[in-house]
Amino acid sequence: MQAFLEKMVQKHRPQAGEGKVADYIPELSRQNSAALGVSVYTSNGETFSAGDCSVQYSLQSISKVITLIIALMDWGPEKVFERVGMEPTGNPFNAISDLELYSPKKPLNPMINSGALVVSSMIEGLSVEERLERVLKLVQDMSGNPDIGVDEAVYHSERATGYRNRSMAYFLKEFGVIEDVEATLELYFRQCAISVTCNDLSRMGFCLSRHGENAAGQQVIPRSLARLVKTFMVTCGMYNASGAFAIQVGIPAKSGVSGGIMASVPNRMGIGVYGPALDEKGNSYAGVRLLQDLSREWNLSIF
Ligand SMILES: NC(=O)CC[C@H](N)C(=O)O
């Protein structure tokens, strides 16, 4: 496995030049566009890593999986899905237009920005700090790494420039699905800036693959919710490229605009990928292709 991962990083790293590092969050543009790393954590408790695995990067949209789990724990599926839908979208992750087109007036799903804003607004706690602590705690519990925290530079960078998310949050307030806009945005920008490595992501994916039980054997997510969020990862996790990803890779996965991908192969392994040069849909260019090869070689597709 180790040798194969190293071969795959070598094969796919040159392709990173085909993609582009996100720059609408200025701090993200500082990432090395040629970076590529992958970690695998298997059900035998083994870790395999290759490439740029020690690099720290922000969760960005991968945090949407974590906040969805917490909102579901706080409110239960019925209440959460009164405010956010369950259907994939054919539009980009930060589209506003969907919000006007569909009825009832709620975001299409929790894996796109509008839906994730609604989900973050539902996380319980007395202050933004307390609510963020709950998100961090779940990330730490899933990965088994108590040192995971927020990258302050990435947080401030998005906070200063996140006009589109701000507009969307006000739009959603008009629909009555978000109450406190400013608190919601604060939490959202901070959850997106939670900083991890491929190793952390592989263990988080592993936790989901084991139905919510982390590598230390603690049930940190209820089984039913692990199943529910993995289903969203299949249908919506790679934004409007989820259909092609399901066909080409066939693994529940969630990507982020930093270039991270958390993938979860039921009962077998978690995979963490980092490749900040993105394709036109906002997924890691080399990362998706690397996962495609792993899936083919190890027969990982769930379908
Ligand atoms: N696709 C993403 O990772 C988006 C997350 C990013 N923080 C944003 O809201 O734009």
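Below, all heavy atoms of this structure are taken into account, side chains as well, without hydrogens, waters or symmetry copies. Nothing fancy with the numbering, it's 1 onward along the sequence. In each ligand, atom 1 is the first atom listed, and ligand 1 is the first ligand listed.
At a 4.0 Å cut-off, at least one heavy atom of N113 sits close enough to ligand 1 to count as contact. Residue contact check for ligand 1: G256 places a non-hydrogen atom closer than 4.0 Å to it.
When the heavy-atom distances from atom 8 (C) of ligand 1 to E158, K64, Q60 are ranked, the shortest goes to E158.
Partners of A193 according to the side chain to side chain contact (heavy atoms under 4.5 Å, CB included) rule, which considers only residues two or more places apart in sequence or in another chain, are V150, V154, Y155.
Taking every heavy atom of C192 and a limit of under 4.0 angstrom, the matching atoms of ligand 1 come to 7 (N). Under a 4.0 Å criterion applied to the non-hydrogen atoms of Y239, ligand 1 contributes the atoms 1 (N), 2 (C), 3 (O). Near Y24, meaning under 4.0 Å from one of its heavy atoms, ligand 1 places the atoms 4 (C), 6 (C), 8 (C), 10 (O).
Polar contact check, V257 against ligand 1: a nitrogen or oxygen pair lies under 3.5 Å apart.
Between N94 and N113, the side chains place no donor N or O within less than 3.5 Å of an acceptor N or O (distance only, hydrogens not considered). Remark: the T89 side chain and the D98 side chain contain an N/O donor-acceptor pair separated by less than 3.5 Å.
If you chain together ILVMFWY residues whose side-chain heavy atoms come under 4.5 Å of each other, V40 ends up grouped with M1, F4, L5, M8, V9, L36, V38, F48, M238, F245, V249, I251, I261, V265, M269, I271, V273, V288, L290, L291, L294, W298, L300.
Residue-level proximity to ligand 1 for F189 is absent, since no heavy atom of it falls below 4.0 angstrom. For N165, every heavy-atom contact with ligand 1 shorter than 4.0 Å involves the side chain, none the backbone.
Nearest to atom 4 (C) of ligand 1 among the protein's heavy atoms is S61 OG, 3.1 Å.
Both tests do not hold together for R166 against Y170: distance to the six-membered ring centre under 6.0 Å, angle to the ring axis within 45°.
M142 pairs with exactly one of L208, L201, V65 by the side chain to side chain contact (heavy atoms under 4.5 Å, CB included) rule, that one being L208. Partner of S120 under the side-chain hydrogen bond (donor to acceptor under 3.5 Å, both in side chains) criterion, out of Q191, R190, R131: Q191 alone.
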